[in-house]
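The next block holds one structure in the form of structure tokens; read it before the comments.
This is a predicted model, so every value here is computed, not measured. Naming: A, B, ... by sequence-line order, numbering from 1 per chain.
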Amino acid sequence: MSPLSKLFGLGGVALAATILPLPAMAATDPETAFILNSLSFLLHGFIVMLMAAGFCMLEVGLVRSKNATAQCAKNIGLYSISGLLYWLIGYNLMYADVGGYIGSLSIWSPSDPSITDAGYTGDGTDYAASSDWFFQMVFVAAAASIVSGAVAERVKLTTFFVVIAVLVGIIYPIQGSWTWGGGWLSEMGFSDFAGSTIVHSVGGWAALTGAIIIGARKGKYSDDGSIRPMPGSNLPLATLGTFILWFGWFGFNGGSQLAMGTAADVAAIANIYVNTNIAAAAGVVVAIVATLVMYGKIDLTMALNGALGGLVSITAEPLAPTPGIAAMIGGIGGFLVVLSVPLLDKLKVDDVVGAIPVHLVCGIWGTLAVVISAGGGMGQLMVQATGIVAIGAFVVVTSGVAWYAIGTAMGLRPDEEAEYDGLDVAECGLEGYPEFTRSS
Amino acid sequence: MSPLSKLFGLGGVALAATILPLPAMAATDPETAFILNSLSFLLHGFIVMLMAAGFCMLEVGLVRSKNATAQCAKNIGLYSISGLLYWLIGYNLMYADVGGYIGSLSIWSPSDPSITDAGYTGDGTDYAASSDWFFQMVFVAAAASIVSGAVAERVKLTTFFVVIAVLVGIIYPIQGSWTWGGGWLSEMGFSDFAGSTIVHSVGGWAALTGAIIIGARKGKYSDDGSIRPMPGSNLPLATLGTFILWFGWFGFNGGSQLAMGTAADVAAIANIYVNTNIAAAAGVVVAIVATLVMYGKIDLTMALNGALGGLVSITAEPLAPTPGIAAMIGGIGGFLVVLSVPLLDKLKVDDVVGAIPVHLVCGIWGTLAVVISAGGGMGQLMVQATGIVAIGAFVVVTSGVAWYAIGTAMGLRPDEEAEYDGLDVAECGLEGYPEFTRSS
Amino acid sequence: MSPLSKLFGLGGVALAATILPLPAMAATDPETAFILNSLSFLLHGFIVMLMAAGFCMLEVGLVRSKNATAQCAKNIGLYSISGLLYWLIGYNLMYADVGGYIGSLSIWSPSDPSITDAGYTGDGTDYAASSDWFFQMVFVAAAASIVSGAVAERVKLTTFFVVIAVLVGIIYPIQGSWTWGGGWLSEMGFSDFAGSTIVHSVGGWAALTGAIIIGARKGKYSDDGSIRPMPGSNLPLATLGTFILWFGWFGFNGGSQLAMGTAADVAAIANIYVNTNIAAAAGVVVAIVATLVMYGKIDLTMALNGALGGLVSITAEPLAPTPGIAAMIGGIGGFLVVLSVPLLDKLKVDDVVGAIPVHLVCGIWGTLAVVISAGGGMGQLMVQATGIVAIGAFVVVTSGVAWYAIGTAMGLRPDEEAEYDGLDVAECGLEGYPEFTRSS
Amino acid sequence: MNYIIAIIQPSQLEAVQEKLTAAGVSGMTVTEVRGYGRQRGKTEIYRGTEYSINFLPKIKLELALDDKASAEAVDIITEVCKSGRIGDGKIFTFPLTEALRIRTGETGSEAL
Amino acid sequence: MNYIIAIIQPSQLEAVQEKLTAAGVSGMTVTEVRGYGRQRGKTEIYRGTEYSINFLPKIKLELALDDKASAEAVDIITEVCKSGRIGDGKIFTFPLTEALRIRTGETGSEAL
Amino acid sequence: MNYIIAIIQPSQLEAVQEKLTAAGVSGMTVTEVRGYGRQRGKTEIYRGTEYSINFLPKIKLELALDDKASAEAVDIITEVCKSGRIGDGKIFTFPLTEALRIRTGETGSEAL
Ligand SMILES: Nc1ncnc2c1ncn2[C@@H]1O[C@H](COP(=O)(O)OP(=O)(O)O)[C@@H](O)[C@H]1O
Ligand SMILES: Nc1ncnc2c1ncn2[C@@H]1O[C@H](COP(=O)(O)OP(=O)(O)O)[C@@H](O)[C@H]1O
Ligand SMILES: Nc1ncnc2c1ncn2[C@@H]1O[C@H](COP(=O)(O)OP(=O)(O)O)[C@@H](O)[C@H]1O
């Protein structure tokens, strides 16, 4: 089944548009539609690609400076590994001949049968194979980035890279095939437009599992129950990262329309942009107001997480809602973040950048909120919950096995002294800011 | 009157192109034109959106490190507030049924009548409603960003946010309706292609008014007339911000062609890119040479401001000029910046990032320079001056009232000790660079 | 000869597609093709433009903090100078009436003859003149950026700017005319799709020549043969710069398809994206593994250079290879970087950011590797070598003369004390991070 | 000769330096330090968790001076830095065996 | 009165501060310094070139104390910071002529 | 035992450290400080406004040494750091009551 099956499971609007008969004279010709469909993947894909920089800056801004180099290494490494593994294994496992639960084990290579020596012969509903692969690849990299933030400052780089390879090569594609590959969840009607669950919660579950198995940073939680905050070393970079992620999200959600060859498609993309922006803005405003009310000050890191919480929340259905509904969904996302960040600390789950509140909590919320914006009632709500639970259970188990097995084989954490001195020196041999940082 | 009326008041080239009869065979079909028009708003819109990150980095790089977190909070907050207020009030106040001086008070919602169940039924001169809203929204956010830089390091965040809400929800849209909404200035023939006055001077006037009402940073101007520079803490980030703004400006000016559905439109956009780039480059080169001649050294902050001065200057008419004229307009913009930065200091107006020289001074210059590049002689010059004065007076008065009233109600400035310690600790409770900064 | 002649010398795929007869009904109409061709230049051009920020961040992150301001000034200055000189001299020298070895000395100005009062009259194979100029201009800026990194921390800014003016106004365009302008190398069949040699090696040769003539940073190489590393001051910014460059490279290589008006073109662009990404990813992974094996730690700066090495390597032919071949070409590029960085140090060539390994070494490798991916055997290999040697010799000689003559006239280096204190104070009068940096 | 170490509030540095210079003190050395004392650090909230900052930024001033000048300097510093609020700082006085100006080789009072 | 300068490992600062405070020490001043000693710096590799870092990050603790309290403080610091590994640090004790609390003008032991 | 505090130009640190080490000095502590003295700071221009930087970056070197070694160290520092230009710096010598090596508990000269 082709990646087009990602279309099924969407709210009716976009789908309807593409199958309606169009007046012959005015309509876009098939080749132009092909070009525009492909162009949508390409340009939305490249701005999603920049999210790799966004995640990296967000994370490097929120770690202590002695782990800055290692955090950068993790991010450029994971993006690269994702790009290779998704080609070698992931894509076809997710999209090629999905039988219900899994695709086929083979290397992906591009093929565009509708382009022949005699020119383009398709009907204008397809797109360049590579444009789709590119777009799907930057998605898997986003899922992987989520993990790196949560387990920052305490995991061995090599171990991390191997776990990421398993995540992007095997775990992500298999669960992805269930919905976007046309598998059992898609047949059940599970709806997750751009991946609140399939991308964000998946990253969030793997992050949670990793954070628990690896344990907290040394010194973070004392035996007497007190928590020691470890403030991020470079909040301007964290802010930059958040803006870049927000920017990339127009590609993430907009490109997930999967077509731009009709007026209805481009109008859908435009509506998606608007809802995406409004949800994020509401997330920020709610987080600012909430921290102001709760703590008397505006916690910038919460505002940043609030933006991302809003974005993740709207990702499961950025097309159907009115702007007002989008604001509500995103605003609740921002509020959930503000609530769940300290909650996680109380549970002694050490999530350095807030990846779990943002991607897992809001990912779940957003997936359930599809019922609010796109309808479907109790029945659809059950389907949504089924998808959330099935994918969650699968990722917790498989990523748990991966963290545990690979960690046992290669070592999970650097020794205590190395952690105290920082991973930069221990793992990379160079400090991120050799001339700035104070010794403690 | 629809947003299309933004078209009136442009130089004749683009307009002419869209109404000429095109040979039937070769021409783009209406639906494709609709897609391409919308796409222009979307992709130019998303790169303008990144300007929010650009403004943030520019400003955070030019404040002292003890105000870095607060500056980031201001920027992500103002972008979010802009996105919500422009939906709730701003857009319709600016574009819906503008009677001459103001539109209507109602919440915007998307509507695309030309897309029907039977497919696209328009004539190819329209675009997706949301794509236009998105593009207009990122403009208002840019205007708001201008203010935050000028009044940095000394204004209470909550007060600032409320003033910004008034600016983007009421002040900006009302004056915007006069020209782009098809109101009285547009009927008079006032020409401001992408907003040297309507966006940049408006931000600049609000910034100037705010800077005067709030007063200078403590210690900046001594009673004995001496001025104490307070160097920016992170010039690499300021440089990054400038590059990002430059990048976004292709969207700002290019997208203001408002259409991409004909060969003439895309050629116009291409010419706009070229002129935009040349004006900015000339601004930089002039600023570098000027500081070298005047002070013996290359003042990087002036070079950065020079780039932006060149960009603002060309924004009122980026299409009509030849590259040579564009270079002249931008170069003069760069020179005006170098002259007006110290002048403002002499007038004891404390503008932390140079927002007033860049956006107000060059905004005025650029709006007048329309006569040089697009012609119109003394008559047009008077029209341009009328627009500048009318909008300036309106914004000074209304934003002055806003700053004064809201400041009185909520408090304008943190107390002296909080200002000395930095807004980061006082307002946000966390430092931007907790491990780097020296105590003085 | 028009810039379209850049097309000759490509692998056959893209070319074939554009000249095949297309079925009348389904094909994109000429005006739409014109728009899409132009749009490809514009949007790929603007993301290449952002590479200016990428180079700046990479370089400022790898210099010591006392030279951060000067490095930023160099980068915004060189981008501006490139934009002006390429308009005043460069473009026409490269593309206007190239007789074999050089174009004509005249100022470029836009002209679109196929757009008439009666609408668009072309055949859909052309594009807006300004869109092409814009795309070519950002390329020359990239070449100039390469130089600034290699000679960082020790060259007088004014001297540097004059040399850059010569490079972008004269040296680059002349050699560029030989291939992309349709000159002798293009007739010989030299193939360099997006400029491994024509852009990257050219920058690399000029960097190498400059680095040798200027000499190493004071203290870098001791008389006893020992080498003193001077670690970069801000590796997160260097990482950000690398991600931005990677992002821009989709424009660099994708836009070099020079057309997007047919299904075959857009499919080619999509394949280029995929190969570009895979080559870069392979460069990173190889660099990480290599430093881990050779030194026991993951050298982040090598991983960053590895990404760029992979990108430069694939640039000469990003379309023809399969993903597997792309991975191999990029991976070897990454390995060459890891090997040649310390080698250069042994030769006492002080290249601050690794510009020579990345752009020169990998540029040569990539140009030779065209034979692997696009075929042509021994004959083509000789042609490729001829191009490499001819262009190399030309650039070494001309840039050598420029460095030497201008350096003699204006002074190459600041005095020793100024270099010790840092160029920021000596040349710009302001520090990049006045509140962070320790005094040694 | 005495050696004075004064721990003061960062905000007072500029005023102290001006007053000392006016009084004829020709040199001093400044270090950024963090101090713990009666003045307790603030309680801050980071991501919903309270924590206290024990050490506060302070400036350490070092001056080598003649006996007479040193008494005067102590007075000046006290006067300028005294706000009456906890955390104003401390002044410590040490005996100095020898001082030497590297540039000239002068020693003793000449070197100050 | 004595003045104690202790050079310790950065990782011990927090524990030392807690113990000293518990023992009644009411103030101290901390500086980040770099130390050279028996403990040799590490050898690192940057871009394929080996180099050695001579100076290592250390914390300098300064305490002005009564004679009795100072003996106790030396003991506490020794106890907390002693790992037995090279680089644990040093404690230097100086005679202090005078101490003054700027806020109140108190001098001598009162000022500590 | 003496305690030497030397304020020197940052550019001389490396040379001084090498020479001192060669002469058998086994440890030292370095702090980055800012100095005010005869050497006046530069005048800079920021965005068109002149201003002067009063404090210049300096390095503070601290050494605890035997009486004999300390005389030698003063000589070495003077020799290496003397350029004859204003701002070369100062060397101050103090009496040291006691020194202690935390790792071993050794005191006196043994501890240095
Ligand atoms: N016994 C001491 N030894 C060294 N430094 C001290 C001592 N007591 C206080 N200080 C320094 O003086 C600063 C001010 O002391 P503090 O007790 O807070 O206020 P006050 O001097 O007004 O009583 C402290 O932050 C610390 O740096
Ligand atoms: N003679 C000295 N004078 C001043 N500081 C010293 C001296 N010797 C050692 N130090 C400081 O003490 C630190 C630890 O000394 P070191 O010789 O490495 O270990 P240890 O004290 O265990 O023998 C050094 O890094 C340095 O800062
Ligand atoms: N009286 C003093 N007390 C403490 N430090 C001093 C004193 N005089 C000078 N210094 C330090 O020595 C440095 C050099 O002194 P300066 O007067 O500039 O040059 P020189 O020693 O050549 O006369 C100053 O920057 C300051 O750090």
Value for SG (D:Cys81) from CD1 (D:Ile7), rounded to nearest 0.5 Å, stands at 11.0 Å
Region of A:Lys346 in contact with chain D, defined by heavy-atom distances below 4.5 Å: neither
Ring centroids only, cut at 6.0 angstrom: are A:Trp365 and A:His200 within range, meaning strictly under it? no
Tell me, side chain or backbone of A:Met294 under 4.5 Å from chain D's heavy atoms, or both, or neither? neither
Flag, side chain of A:Asp224 to backbone of A:Ser226, donor-acceptor distance under 3.5 Å: yes
Using a cut-off of under 4.5 Å for heavy-atom pairs, which of A:Val338, A:Thr291, A:Asn305 has the most such pairs with chain D? A:Asn305
Counting only heavy atoms closer than 4.5 Å, note whether D:Glu50 contacts chain A via side chain, backbone, both or neither. backbone
Kindly write out the residues that satisfy salt bridge (charged side-chain N to carboxylate O under 4.0 Å, His left out) with D:Glu98, not counting sequence neighbours, or none if the list is empty. none
Among A:Leu300, A:Asp345, A:Thr301, which has the most heavy-atom pairs under 4.5 Å with chain D? A:Thr301
Is the backbone N or O of D:Glu110 less than 3.5 Å from a side-chain atom of D:Arg101, with the two atoms forming a donor-acceptor pair by type? yes
